[in-house]
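For reference, the structure discussed in these notes is given below.
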Amino acid sequence: MSSHDSSLRGLWAAVIMLGALVVAMLSAAAFWSAGAPAYASLGAGGATFIGLATLGFTLRKFLTE
């Protein structure tokens, strides 16, 4: 993939964000099913989303540059 091709930037952003959202929902569901309170489940899901989205964008930038 060329680093000068900006037409795929939006597609990659959507894939990374949707992937992070799915994993965050699974994380929140795992915490909820383990008996954690709602605030802990939502906090775990939010932290997972932020971590995976940041990691995904950083990895994409590293691999394309």
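Along the sequence shown, residues carry numbers from 1.
Interatomic distance, L21 CG to T48 OG1, rounded to the nearest 0.5 Å: 11.5 Å. To the nearest 0.5 angstrom, L55 atom CG is 13.5 Å from I50 atom CD1.
Within 6.0 Å of the CZ atom in F31, the count of heavy atoms belonging to other residues, nucleotides or ligands does not exceed 12.
Heavy-atom minimum distance, R9 versus R60: CA-NH2, 4.2 Å. Between A20 and A53, the closest heavy-atom pair is CB-N, 3.9 Å. Residues A36 and S41 come closest through the heavy atom pair O-OG, 3.8 Å.
Looking only at side-chain heavy atoms (C-beta outward), F49 and M25 stay at 4.5 Å or farther from each other.
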